[in-house]
Amino acid sequence: MHRVLITGAGGGIGRSLRETLRGIYPVLRLSDRVPIAPARDKEELDQTDIADMGAVEKMVAGVDGIIHLGGISGENTWENILQGNIIGLYNVFEAARRAGVKRIVMATSNHAVGFYPRSQIIDHRVIPRPDSRYGVSKAFSEALASLYADKHGIGFLCTRIGNFGSKPIDSRRLSIWISPRDYTQLVRIGLEHSDIHFEIVYGVSGNKRSWYDNSNAYRLGYKPQDDSEPYAAEILAAEAGQAKDPIAERYQGGTFCAEEFTAKTPPD
Ligand SMILES: NC(=O)c1ccc[n+]([C@@H]2O[C@H](COP(=O)([O-])OP(=O)(O)OC[C@H]3O[C@@H](n4cnc5c(N)ncnc54)[C@H](O)[C@@H]3O)[C@@H](O)[C@H]2O)c1
């Protein structure tokens, strides 16, 4: 990997990876639709809206691998999801195919499978159960990655990220948190592992309270260094006695499941 492109590089995860991957690859190309701070040594800056195919073709020219983070990162209107996460995603994969890019690490989400109940441990083979229009777009991203892997030979690591941050922020996040250093490790596996065709892994730290069987990530060599457990007592004490939405509490996707929920009975 000589030149690695990060889309959505101006966002929370992108800004973090910009630092943790600094010096790992000879050139980092940082792209977002919003301007990014001045380029440093061994960085290239690019401003592209991924809904614009012409601009996306220029964005991917000459890159060896892509970390695709750009797009809408939560629930939103269908029109915004469509532009950023469906059309934009297609543009990135299709332009990558035309440019001969061999490897893509992609940010999918726990919300692609958010309607699984918290009582169930799920692995990378379960069918999607999206909890939102956003979650549907992430399930679409996994399907499109599978197509481009099988039909065009691009290697994909789809990271179903739980919640990225320096520490877990509530009881739900105790089960799905990932630290910056653990996510950096997963991204590096996605770019550098010699044998990746199409893989789904959970982007979570080694959390004791995890809802995921992340054996596929471990098979690829992932050894998380962090666990949310040291934060648990303080978080649970702070939430004790709080009123909670029963739909949000029942499912892994939390409030994404409860928003706009109109079914008469909760699904199994
Ligand atoms: N942060 C998390 O905990 C988390 C959890 C699950 C999945 N993810 C996924 O990881 C990725 C990064 O998340 P984040 O927290 O850094 O999100 P973020 O919202 O902070 O960053 C996303 C970036 O994408 C850019 N963007 C949006 N639409 C674009 C477009 N049409 N063209 C070009 N750039 C566009 C935004 O300007 C922003 O800088 C997203 O795909 C998100 O869905 C994040």
Test item: [X] side-chain N/O and [Y] main-chain N/O as donor-acceptor pair under 3.5 Å:
| X | Y | answer |
| --- | --- | --- |
| R160 | H111 | no |
| E43 | R40 | yes |
| D227 | K208 | yes |
| N76 | I81 | no |
| T184 | P180 | yes |
| E75 | R133 | yes |
| E239 | S171 | yes |
| T7 | L69 | yes |
| R103 | G190 | yes |
| T77 | N80 | yes |

Kindly compute the distance separating [atom1] ([X]) from [atom2] ([Y]), expressed to the nearest 0.5 Å.
| X | Y | atom1 | atom2 | result |
| --- | --- | --- | --- | --- |
| M106 | L144 | CE | CG | 8.5 Å |
| I169 | S228 | CD1 | OG | 12.5 Å |
| L89 | L82 | CG | CG | 11.5 Å |
| L45 | S31 | CG | OG | 9.5 Å |
| T108 | I161 | OG1 | CD1 | 8.0 Å |
| R129 | I127 | CZ | CD1 | 7.5 Å |

Margin query: Show, in sequence, the C-alpha distance, side-chain angles and deciding distance for Y148 and E94, and conclude whether the side chain to side chain contact (heavy atoms under 4.5 Å, CB included) test is met.
Written below: CA-CA 8 Å; Y148 274 71; E94 175 58 14; 2.6 Å; yes
Joint cluster assignment, [X] & [Y], ILVMFWY side-chain distance < 4.5 Å:
| X | Y | answer |
| --- | --- | --- |
| L17 | V27 | no |
| Y90 | F198 | yes |
| I72 | I50 | yes |
| M59 | L30 | no |
| L157 | Y202 | no |

Can [X] and [Y] be counted as having a side-chain donor-acceptor contact under 3.5 angstrom?
| X | Y | result |
| --- | --- | --- |
| N85 | S137 | yes |
| D213 | S215 | yes |
| N216 | E199 | yes |
| H197 | D150 | yes |
| T159 | Y183 | yes |
| E192 | Y25 | yes |

Item checked: Check: Y251 and Y116 side chains under 4.5 Å, non-hydrogen atoms -> no
Margin query: Could you tell me if the side chain of K167 sits less than 4.5 Å from the side chain of R173, heavy atoms only?
Written below: no
Next item on the list: Over 60° means perpendicular and under 30° means parallel, so classify the ring planes of Y222 and Y218, tilted if in between.
Entry: parallel
Next item on the list: Begin from the C-alpha positions of N207 and L174 and carry the test side chain to side chain contact (heavy atoms under 4.5 Å, CB included) through to its verdict.
Entry: CA-CA 7 Å; N207 305 320; L174 291 172; over 6 Å; no
Checklist line | Worked verdict on R172 versus E249 for salt bridge (Lys or Arg N to Asp or Glu O under 4.0 Å) | finding: CA-CA 8 Å; R172 176 173 167 267; E249 281 304 292; over 6 Å; no
Next item on the list: Using side-chain hydrogen bond (donor to acceptor under 3.5 Å, both in side chains) as the criterion, list what pairs up with S109, not counting sequence neighbours.
Entry: none
Notebook entry, point to check: Charged N to carboxylate O under 4.0 angstrom, R125 versus D123?
Noted result: yes
For the residue pair [X] and [Y], what are the closest heavy atoms and their distance?
| X | Y | result |
| --- | --- | --- |
| R118 | A248 | NH2-O, 2.8 Å |
| V60 | R29 | C-NH1, 4.1 Å |
| Q252 | P117 | NE2-O, 3.2 Å |
| G203 | L186 | CA-CD1, 3.7 Å |
| R18 | P38 | NH2-O, 3.2 Å |
| I235 | D170 | CG2-C, 3.4 Å |

Check: Would the number of heavy atoms belonging to other residues, nucleotides or ligands and lying under 6.0 Å from NZ of K244 be above 12?
Finding: yes
Notebook entry, point to check: Is it true that atom CD of E234 has more than 12 heavy atoms of other residues, nucleotides or ligands lying nearer than 6.0 Å?
Noted result: no
Check: Is it true that F164 and W177 have ring centroids separated by less than 6.0 Å?
Finding: no
Checklist line | Within residues 30-71 or reaching into it, pairs that qualify as ring pair (Phe, Tyr, Trp, His ring centres under 6.0 Å) - sequence neighbours excluded | finding: none
Check: side chain to side chain contact (heavy atoms under 4.5 Å, CB included) between I66 and V4: does it pass, once the steps are laid out?
Finding: CA-CA 6 Å; I66 300 175; V4 171; over 6 Å; no
Note to self: Quick one, F93 with L147, criterion side chain to side chain contact (heavy atoms under 4.5 Å, CB included). Give me CA distance, side-chain angles, the key distance, then yes/no.
What the structure shows: CA-CA 10 Å; F93 290 4; L147 173 68; over 6 Å; no
